[in-house]
2 protein chains.
Amino acid sequence: MIRVLLAEDQGMVRGALATLLGLEEDIEVVGEAADGEEALVVAERTRPDVALLDIEMPRRNGIDTAAELRRTLPDCRVIILTTFGRPGYLRSAMEAGASAFLVKDSPARELAAAIRRVLAGERVIDPALAAAALSAGPNPLSPREREALTAAADGSTIGDVARKLHLSEGTVRNYLSAAIRKTGARNRIEAVRAAQRQGWL
Amino acid sequence: MIRVLLAEDQGMVRGALATLLGLEEDIEVVGEAADGEEALVVAERTRPDVALLDIEMPRRNGIDTAAELRRTLPDCRVIILTTFGRPGYLRSAMEAGASAFLVKDSPARELAAAIRRVLAGERVIDPALAAAALSAGPNPLSPREREALTAAADGSTIGDVARKLHLSEGTVRNYLSAAIRKTGARNRIEAVRAAQRQGWL
DNA sequence: GATCGGTGATGACAAAAGTCATCGCGAACC
DNA sequence: GGTTCGCGATGACTTTTGTCATCACCGATC
């Protein structure tokens, strides 16, 4: 039996996926978690063969959780399961040590198939997405530029961002200006959206 | 047997939910659709007792689809199943004739329960969400203000929006200014986010 | 018939955002 | 030792955004 841990914040989706996997005769869902922190705790206790992690989760995201899991349970394979097939997400997932990257758009039967292939030592990645991730190149934003852009994403003014990051307003303006230039955007809103589309935030 | 149509754009979630419902001995999934348009076509052919509609779908959203379905198949009950429990969504869903409003956060077993209750003539709505929808009041934005805000949401400049809506730049500025005031925001970004949070766009 | 709200527009003005050159500091790299 | 890059800051400047008063037209409503 393949022992699976399932981490996904939407209860209905988590329940449905658990049911789906439970129907496979060689798969057993040994743990469920509604966020990344919980996933780590449950993984420690249940020692799964593979962890299915959503990226967008409260408290600790799936990428972070994957990296931590690789440290604490090196024998546990990680499959990232996400709504958005963003190039930067795929890159981060691979750097965090994930064995597979699935988008929720794909058919349900691919999930069990991916689990079996990962356990057999394979890596499972959509070729088109891999190409997009490689052609897009790495994240060009510096850490501070990323922070400034993230802090500005909710409509905060330059003054707000400066206070949040303990910087002068001029410095924040410079970082945002650089982020706008690097993303090829015309203003901060476009820059935020472009960066999010690439998975750079 | 209760005949169910399931419309949800994410293949994996759709497949898992279909499997989940198929396990219930009194429920039968007679049709699946990946968007609103497809849902209408499949509903016409399969004549379900109840249609489960996601809101965020390509081509035609779940609210629109619900309203159209109430016209073409008045005997078919509609259940809205959504990621976001936004007050405005609930309001729109009810106005479109939905019998139930479920968020994907809730446990999986509530889905089958809601289907049975709806078929028994009940309405199923989270009381806390209903209270939020009522206390939030109706959408204060005029149609043009909503259009201007929506058009500006992707980082378009005032000039872009003016061209899109065939208006003068001054008029667009006025609409955005009004939208900012009505949402209690400090700029257009906050206004967009506030309006989205309320389900006003 | 008056009032009100939505639509569309203009002009003037203030505030915020964005650009650019320039500086100093420290760490990494060849 | 020189170069490069990220970080942090300042000042000057332009452009964009947001506010406000005011106008006109239309349709609904009382």
Undergrad: On the nucleotide D:dG8, are OP1 or OP2 found under 4.0 Å from the side-chain N or O atoms that A:T171 carries?
TA: no
Undergrad: If you look at every heavy atom in A:I2 and A:R116, which pair is closest and at what distance?
TA: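 The answer is CD1-CG, 4.3 Å.
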Undergrad: Going by atom types only, do B:Q198 and B:Y89 share a side-chain donor-acceptor pair under 3.5 Å?
TA: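 Judged by distance alone, the side chains do not pair up.
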Undergrad: Between C:dG18, D:dA21, D:dG8, which nucleotide gets closest to the side-chain atoms of A:S177?
TA: C:dG18
Undergrad: Any salt bridge between B:K104 and B:D54, counting N to O under 4.0 Å?
TA: yes
Undergrad: Whole angstroms only, please: what is the CG-P distance between B:D160 and D:dT15?
TA: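 Going from B:D160 (CG) to D:dT15 (P), I get 17 Å.
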Undergrad: What is the distance, rounded to the nearest whole Å, between atom CG of B:L176 and atom C1' of C:dG8?
TA: 14 Å
Undergrad: Hey, is A:R60 close enough to A:E37 for a salt bridge, meaning N to O under 4.0 Å?
TA: yes
Undergrad: Given A:E190, which partner from the list A:R186, A:R193, A:R188 fulfils the side chain to side chain donor-acceptor pair (under 3.5 Å) test?
TA: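 Passing option: A:R186.
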Undergrad: Grab the CD1-P distance between A:I158 and C:dT19 for me, whole Å please.
TA: 10 Å
Undergrad: Taking all atoms of both residues into account, what is the closest heavy-atom pair of B:W200 and B:P138, and its distance?
TA: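 Shortest heavy-atom separation between B:W200 and B:P138 comes out as CZ2-O, 4.1 Å.
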Undergrad: Write down the distance between CD (A:E147) and P (D:dG6), rounded to a whole number of angstrom.
TA: 14 Å
Undergrad: Short question: side chain of B:D64, backbone of B:N61 - any donor-acceptor pair under 3.5 Å?
TA: no
Undergrad: Counting any heavy atom closer than 4.0 Å, what does A:S168 reach on the DNA or RNA strands: base, sugar-phosphate only, or nothing?
TA: sugar-phosphate
Undergrad: Check every strand shown and say whether A:R144 touches a base, only sugar-phosphate, or nothing at a heavy-atom separation below 4.0 Å.
TA: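 Sugar-phosphate contact only - A:R144 comes under 4.0 Å of backbone atoms but never of a base.
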Undergrad: Just the rounded figure in Å: distance from P of D:dC7 to NE2 of A:H166.
TA: 16 Å
Undergrad: Based on the rotation axes of five pairs at each end, what angle does the helix from C:dG1-D:dC30 to C:dC30-D:dG1 bend through, to 10°?
TA: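 It comes to 30° between the two terminal axes.
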Undergrad: Would you name the heavy atoms of A:R14 and A:D9 that are closest together and state the gap between them?
TA: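 Taking A:R14 first and A:D9 second, the nearest heavy atoms are NH1-O, 3.8 Å.
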Undergrad: Using atom CG of A:L149 as one end and atom P of C:dG18 as the other, report the distance to the nearest whole Å.
TA: 10 Å
Undergrad: What parts of residues 181-188 of chain A reach DNA chain C, counting only heavy atoms under 4.0 Å away?
TA: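 Those residues whose heavy atoms fall under 4.0 Å from DNA chain C, taken from residues 181-188 of chain A in numerical order, are A:N187, A:R188.
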Undergrad: Can you check the A:I189 CD1 to C:dG18 C1' distance for me, whole Å?
TA: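 From A:I189 CD1 to C:dG18 C1': 13 Å.
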Undergrad: Looking across every strand, which nucleic acid part, if any, lies under 4.0 Å from B:S142 by heavy atom: base, sugar-phosphate, or nothing?
TA: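 If one applies the 4.0 Å heavy-atom cut-off, B:S142 turns out to touch the sugar-phosphate alone, with no base involved.
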Undergrad: For the pair made of CZ in A:R173 and P in C:dA16, what is the distance, rounded to whole Å?
TA: 11 Å
Undergrad: Without swapping roles, check the side chain of B:E145 against the backbone of B:L141 for a donor-acceptor pair under 3.5 Å.
TA: no
Undergrad: Closest approach to the side chain of A:N174, judged atom by atom: which nucleotide of D:dG11, C:dA12, C:dA9 is it?
TA: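 So the side chain of A:N174 is nearest to D:dG11.
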